[in-house]
Protein chains: 4
Amino acid sequence: MNTNKQTLRGIIPPLITPLIDTDVLDETGVRNLVEHLITSGVNGIFILGTTGEAQHLSIKIKAELIQKTATYIRGRVPLLVGITDTSVYESIRIAEIAAKNKAAAVVAAPPYFFALGQPELIEYYELLADKSPLPLYLYNMPSHTKTMIEVDTVATLAKHPNIAGLKDSSANGVYFCKLLALFKNRTDFGLFVGPEEMMASMVLMGAHGGVSGGANLYPKIFVDLYQAAAAKDVNKTIELQHKMLAVSQHLYGIGRFGSSYIKGIKTALSLKGICSDFLAQPFNLFKEPEKEKVKKAVKQLDKLLAE
Amino acid sequence: MNTNKQTLRGIIPPLITPLIDTDVLDETGVRNLVEHLITSGVNGIFILGTTGEAQHLSIKIKAELIQKTATYIRGRVPLLVGITDTSVYESIRIAEIAAKNKAAAVVAAPPYFFALGQPELIEYYELLADKSPLPLYLYNMPSHTKTMIEVDTVATLAKHPNIAGLKDSSANGVYFCKLLALFKNRTDFGLFVGPEEMMASMVLMGAHGGVSGGANLYPKIFVDLYQAAAAKDVNKTIELQHKMLAVSQHLYGIGRFGSSYIKGIKTALSLKGICSDFLAQPFNLFKEPEKEKVKKAVKQLDKLLAE
Amino acid sequence: MNTNKQTLRGIIPPLITPLIDTDVLDETGVRNLVEHLITSGVNGIFILGTTGEAQHLSIKIKAELIQKTATYIRGRVPLLVGITDTSVYESIRIAEIAAKNKAAAVVAAPPYFFALGQPELIEYYELLADKSPLPLYLYNMPSHTKTMIEVDTVATLAKHPNIAGLKDSSANGVYFCKLLALFKNRTDFGLFVGPEEMMASMVLMGAHGGVSGGANLYPKIFVDLYQAAAAKDVNKTIELQHKMLAVSQHLYGIGRFGSSYIKGIKTALSLKGICSDFLAQPFNLFKEPEKEKVKKAVKQLDKLLAE
Amino acid sequence: MNTNKQTLRGIIPPLITPLIDTDVLDETGVRNLVEHLITSGVNGIFILGTTGEAQHLSIKIKAELIQKTATYIRGRVPLLVGITDTSVYESIRIAEIAAKNKAAAVVAAPPYFFALGQPELIEYYELLADKSPLPLYLYNMPSHTKTMIEVDTVATLAKHPNIAGLKDSSANGVYFCKLLALFKNRTDFGLFVGPEEMMASMVLMGAHGGVSGGANLYPKIFVDLYQAAAAKDVNKTIELQHKMLAVSQHLYGIGRFGSSYIKGIKTALSLKGICSDFLAQPFNLFKEPEKEKVKKAVKQLDKLLAE
């Protein structure tokens, strides 16, 4: 167990997982995407999260992705690896692969089949943190896991020497502001915002960074926005915020289901020649009408964000 | 119909409703509370909201409360009146009483028995705005109404000459940040934050104010916090935010149900001699063990917030 | 307080509320509908329920409806009156009007703005039962009220001398079967099924009747189905059940929102010349394309149910 | 692909998974439990369902359990294997192991991380049915998967030659009764009830059997109850139903979380010497006070069910 808690800061995009076909990794896509992000100044890369379709991938592909991403990053930024699984044994297996590939930390949402009680959650995370060879970040995502990691539970878990922070994707501003107050005097517990639309507001109030899905496509606007907010420059933050919001506004509402934002980002990346737009089952690719809409959106966004 | 949209700003506490007994208003309590708030610098008073137990009051008490509050305010700050009801006819009846008492505006959440579709919601609000003698504020509160007033619906409704703004109690930071972007170039549509814990973060980003329940008890800290955030003074905002958060931290978790925060505030106000702690059915008063906890909390908070 | 608990049995349709226009009762429609139901053999009539759009009506119309329905029924079957409201004072007011018009019982779902805890629910119902001049039926409808009346809570409340039974609209077969076991040795507590699609299965197991919305339109098939199930004739029950299910299958899915089934029934009744199809806000009338579909459905159902 | 659809009938208990320790199968327990069930007359055995803690087990243990159960069953009753996973590739891997061990069918709930749209669900199940070497049963469990397999979706999927039936654990009587009507003329599509409390009522109306968790402990009462209901003997069904309901009433409410019923069954089986009470993380074992309660419950139930 690594007892040096991480002090990660900034924009750590949740990598989409480039795929060529059913259960076949798009290795060139991974390399291109990693370069695209690092050259734009991101502060880390997070693989196998929700945006990375982790729950839909086979273990084989997960292991390949960890190995390839680590190779392409070449130590330039920290690598975070999602190990969320309903089976703690499978989570630990992935954590060990991550450690072997010199990842900086692992990230786990609660098991997501049964809704758990908070005492069950505490025991679960303590076991996982005990067994994990890398520092562990909690990942709050009640819309998908059914279980909120409540503020008091975070307070308890933060005492564990191998639990290093939390990524919150609840979109709940009350929850996040309470966490910011709880950890106001600690620099060793990282608080990261999932939903990109509210990232800047929370960084102004003290959050340490954002795990922003849109940064796969337009990393620079997110890096700039984070830096403005971290520097407490409110006017610049608001100006960049309104620019950045165009990404979700134009790109995430194409398509009908919860997966639309992932499809929007993957299709756009494929139009830009960075990687393939294939999606793992149960999602399916956009068809021509949706692809046309993405093409139009990308054209508008390219212009808007270049200004 | 009043076509001069309001340009309210700042802290507008959602008044708790002082009651002496079942269906009996605590008139002295209302007067004391109004003075307590106005002398602390609040920018308006909102009666008959969720915190005011509006849904549990008889129509008779509602009418009395409107009349008394208007009398005690004496025009010093604007009066907003909640007219939320599942029957649009009853909502209009209350709006007419509000107008007769020279209220500044009315506030309505969606009907809350059936979950409505967005087109139904648009027709509903347009009818209500057409018939309301006072400018209408939308009130988004999906946890209680089951229906989110979606961003596109707000965009449509904001075109109505008698719809003046929105109060959001969803606690959803993504939703609120999208609204801030949508209305960035309009000064005639007010965006107010319900949950006090995230108010400052949204005011920094451009929100016009907060309808903060805790301001019933400690109005000054909320006024100061709003002003720091409106002035874009990030460091002072964070300092005051952490002070203010002590209110919800110490006071709202006593008791077991969704009504705990209302009970906490009412009991504390009664301990301070401002008004009675009686609650309308189906809520019930705190018993001695809870009252003791509130007493302790108030002592701590008085000290902390005096600093 | 009336301590003679009711022993209602059979089909008690939840009357739709015939309206001519905004806040104007369709009196002829009410008379026609009452005759339509009683001549078809229903065992009671329930007004001001969910199907009756009670939450959307003004108090004036509610009082009129109670008085007119009582007049037209002429004591031939028991009249039940919905008194569900978020304000217990308004519920009692309606209960008193019901008593004055010689209704047999009142029916109340939990207050539906705040989600209540079970102890709050018990205190609430005990107060209401104490004050109600007529026997009270509990009405479980968690999809609309957010609060389940849990089995243990029903067990506690059933001890009250003025609580006479429960109507369950949760559609939860586990819940209903547990209640049937709980009250297996009591003939003085009525258990009624809301959703018509599962009525027969629960009557076979011991339920006392159904509050079936479709019985507004086709009362006879529901009366026949209830009688087959109450007589434990399984084969005839299944045969009639499959006939009856055609009503919901053909009629309730026209339109897009939760209100579709009410619109389907009202439009069909208006096509049959029984009453107007006007709906109270926030619902709106079907337009021509949907009306055409209802016309087709009614033609099919008339033929099918005549066989 | 096996195009001979199964025509399973009766009680098919969802086997709890006997474990000795973390990731260690209790082989003797499996053998004892299989004998306990088959000698009591069950009609099949379903492993790796919700009650079997499938989502919390490693792939290694899953493979072992399939192999051991098949060995101990010795072809006396059909073996059904749960293959529910968020990754379709892992589901297919388990299906292949099931086929190699001569299981009769596989069972899959929808992927349970993202809530899926119905068209996504159809594509997903069609792919899975195409690739599965064994007939596939759909498993509706919206409380855990967030996605209801809607009636129209079942109608579409039932046309697939390798989809043989559905197990419904929604507890929704309306849903199940609609399915019974939809398939009234088909003998090749099995409809099974999950929640044991409503099993008998649905078998009376035409359901083909029950996947009743309590049958792990008291198989005979479930077999008798099913047979009475399948024979349309209503009075005997009600009598046995009220006996059977004592199991859930006494045993499932010990403990605080959603996992209580699994803990109750496992602890009771261990008290009876059939298998160990170990649970896979994130669940934890009952401690002494809860064990005492289970002991008392088992004593009462043994007496009651022996009568």
Side-chain angles (χ1 to χ4, degrees), chain C residues 142-143 148 150-152 155 168-185 193-207 210 212-213 225 228-250 252-253 261, chain D residues 142-143 148 150-152 155 168-185 193-207 210 212-213 225 228-250 252-253 261:
Chain C
S143 63
M148 191 85 174
E150 289 177 10
V151 171
D152 288 351
D168 176 39
S169 290
S170 71
N172 187 320
V174 170
Y175 175 79
F176 205 92
C177 287
K178 284 182 175 176
L179 288 178
L180 288 172
L182 182 65
F183 292 103
K184 64 185 166 186
N185 297 321
V193 186
E196 60 200 61
E197 295 88 346
M198 67 186 289
M199 182 266 290
S201 67
M202 293 300 127
V203 171
L204 278 176
M205 298 299 288
S212 315
L225 176 56
K232 314 292 185 211
D233 184 340
V234 176
N235 291 329
K236 195 169 173 196
T237 299
I238 291 176
E239 188 200 321
L240 291 169
Q241 161 87 353
H242 291 164
K243 253 187 171 174
M244 176 277 288
L245 272 177
V247 179
S248 74
Q249 187 191 337
H250 285 82
Y252 296 171
Y261 81 99
Chain D
S143 62
M148 190 85 174
E150 290 178 8
V151 172
D152 288 350
D168 176 40
S169 290
S170 70
N172 188 320
V174 170
Y175 176 79
F176 204 91
C177 286
K178 284 182 177 177
L179 289 177
L180 287 172
L182 182 65
F183 292 103
K184 66 185 166 186
N185 297 318
V193 186
E196 61 202 60
E197 295 89 346
M198 66 187 289
M199 182 267 289
S201 67
M202 293 299 126
V203 171
L204 279 176
M205 299 299 288
S212 315
L225 177 56
K232 314 291 183 213
D233 184 339
V234 176
N235 291 328
K236 196 171 173 195
T237 299
I238 291 175
E239 188 200 321
L240 292 169
Q241 162 84 354
H242 291 163
K243 253 187 171 176
M244 178 277 288
L245 274 176
V247 180
S248 73
Q249 188 192 334
H250 286 82
Y252 296 172
Y261 82 99

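Each chain gets a letter, A, B and so on, in the order the sequences are listed, and its residues count up from 1.
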Practice problem: Test D:Ile238 against C:Lys232 for side chain to side chain contact (heavy atoms under 4.5 Å, CB included), laying out the working first. | Solution: CA-CA 11 Å; D:Ile238 291 175; C:Lys232 314 292 185 211; 4.1 Å; yes
Quiz item: Between D:Leu204 and chain C, which part of the residue has a heavy atom less than 4.5 Å away: side chain, backbone, both or neither?
Solution: both
Quiz item: chain D: which of C:Asn172, C:Asn235, C:Val193 shares the most heavy-atom pairs with it under 4.5 Å?
Solution: C:Asn172
Self-check item: Contacting region of D:Met199 [heavy-atom separation from chain C under 4.5 Å]
Solution: neither
Quiz prompt | Taking every non-hydrogen atom, the tightest pair across D:Cys177 and C:Leu245 | solution = O-CD1, 3.5 Å
Quiz item: Among C:Met202, C:Glu197, C:Gln241, who wins on heavy-atom pairs under 4.5 Å with chain D?
Solution: C:Glu197
Quiz item: Could you state the interatomic distance from CG (C:Leu182) to NE2 (D:His242), rounded to the nearest 0.5 Å?
Solution: 10.0 Å
Practice problem: Would you indicate whether the side-chain heavy atoms of C:Lys178 and D:Ser248 approach each other to under 4.5 Å? | Solution: yes
Quiz item: Tell me, side chain or backbone of D:Ser170 under 4.5 Å from chain C's heavy atoms, or both, or neither?
Solution: neither
Quiz item: Are side-chain heavy atoms of C:Val234 and D:Met205 found at a separation under 4.5 Å?
Solution: no
